[in-house]
Amino acid sequence: MAPVSVVAVMTGDALLLTRQRIEALGIHCQLQAVEWGAELANVLLTHPADEWPSLILLDGRENRPDRMLTLQRLKSDYRLRAIPAVWLASPGDNPIPAYELDVNSVIEVANTPTSFVETIDQLCQYWLMLVQLPQETDAQAV
């Protein structure tokens, strides 16, 4: 079975811990990190659909405007909108703007390393082990 392809729009410790948790859980996953996501939709559209990720993780906790713009661009393109996107939010953040842009899930992530690890474990178990994600070949039917 081919690894699940995931794009993570995140940096620093969040990216490092996410990568470590995927490996620790034994999930067969190819994690590609993107620091600046504003051009992600354009970059994906330059590749064949069978090379698109099955899941996109967007770390909205950094409160960078490019993250919301990334989500908007992904979900506004009829070819890319079927790729599930998960928005990571800080406690107390308003989830409505992300849901209005058709994000598939908003997950509140505490700012402590222990809580982050627990949340990422649950996220990975759900999104990468339980959910039936679109396969790269499914994207061609769009």
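A quick note: this is a predicted structure, and the numbers were derived from the prediction, not measured. Basis for what follows: all heavy atoms, side chains included, without hydrogens, waters or symmetry-related copies.
Cluster membership for I22 and L130, using ILVMFWY side-chain heavy atoms within less than 4.5 angstrom, is shared. Neither I120 nor L16 shares a network with the other; the hydrophobic side chains, linked directly or stepwise wherever heavy atoms of I, L, V, M, F, W or Y lie under 4.5 Å apart, form separate groups for each. Grouping the Ile, Leu, Val, Met, Phe, Trp and Tyr side chains by contacts below 4.5 angstrom, directly or via other members, places V109 with L17. In the hydrophobic cluster analysis, where Ile, Leu, Val, Met, Phe, Trp and Tyr join through side-chain heavy atoms closer than 4.5 angstrom, L133 is grouped together with Y126. Linking ILVMFWY residues whenever their side-chain heavy atoms come closer than 4.5 Å, directly or via other members, leaves L15 and V43 in distinct clusters.
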Using side chain to side chain contact (heavy atoms under 4.5 Å, CB included), reason through V6 and Q30 one step at a time and then give a plain yes or no. CA-CA 6 Å; V6 177; Q30 178 185 0; over 6 Å; no
Check the pair V103 / V86 against side chain to side chain contact (heavy atoms under 4.5 Å, CB included), numbers first and verdict last. CA-CA 6 Å; V103 75; V86 176; 5.8 Å; no
Show your working on side chain to side chain contact (heavy atoms under 4.5 Å, CB included) between L88 and M10 and close with a plain yes or no. CA-CA 10 Å; L88 304 180; M10 60 177 58; 3.7 Å; yes
Given side chain to side chain contact (heavy atoms under 4.5 Å, CB included), test T46 with L44 step by step and report yes or no. CA-CA 5 Å; T46 65; L44 290 175; over 6 Å; no
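Panel note: side chain W52, backbone H47; a donor-acceptor pair is recorded below 3.5 Å. A side-chain donor-acceptor contact under 3.5 Å links T70 to the backbone of G37. A donor-acceptor contact shorter than 3.5 Å is absent between the side chain of S90 and the backbone of D93. With hydrogens and angles disregarded, no donor-acceptor distance shorter than 3.5 Å links the side chain of S5 to the backbone of S54. The main-chain N or O of S105 is never found under 3.5 Å from a side-chain atom of Y99 such that the two would form a donor-acceptor pair. A donor-acceptor pair is defined here as one N or O able to donate and one able to accept, closer than 3.5 Å; no such pair exists between the side chain of D102 and the backbone of K75. In this structure, R67 contributes its side chain and D59 its backbone to a donor-acceptor pair below 3.5 Å. S115 places no side-chain N or O within donor-acceptor distance of the main-chain N or O of T112, the cut-off being under 3.5 Å.
Between P91 and A110, the shortest heavy-atom distance links the atoms CG-CA, 4.0 Å. Closest of all the heavy-atom pairs between L74 and L80 is O-CB, 3.5 Å. When all heavy atoms of A38 and L69 are compared, the pair lying nearest together is CB-CD2, 4.2 Å. For the pair A98 and M68, the tightest heavy-atom approach, listed with the atom from each and the gap, is N-CE, 4.2 Å. The nearest pair of heavy atoms linking A8 to L31 is CB-CD1, 3.7 Å. Minimum interatomic distance between I83 and L55 (heavy atoms only, all atoms of both residues): CG2-N, 4.1 Å.
For the residue pair T11/E62, the side-chain donor-acceptor check at 3.5 Å is satisfied.
The line from CD of E100 to CD of Q72 is 11.5 Å long, rounded to the nearest 0.5 Å. The CD atom of Q125 sits 6.0 Å away from the CG atom of D121 when rounded to the nearest 0.5 Å.
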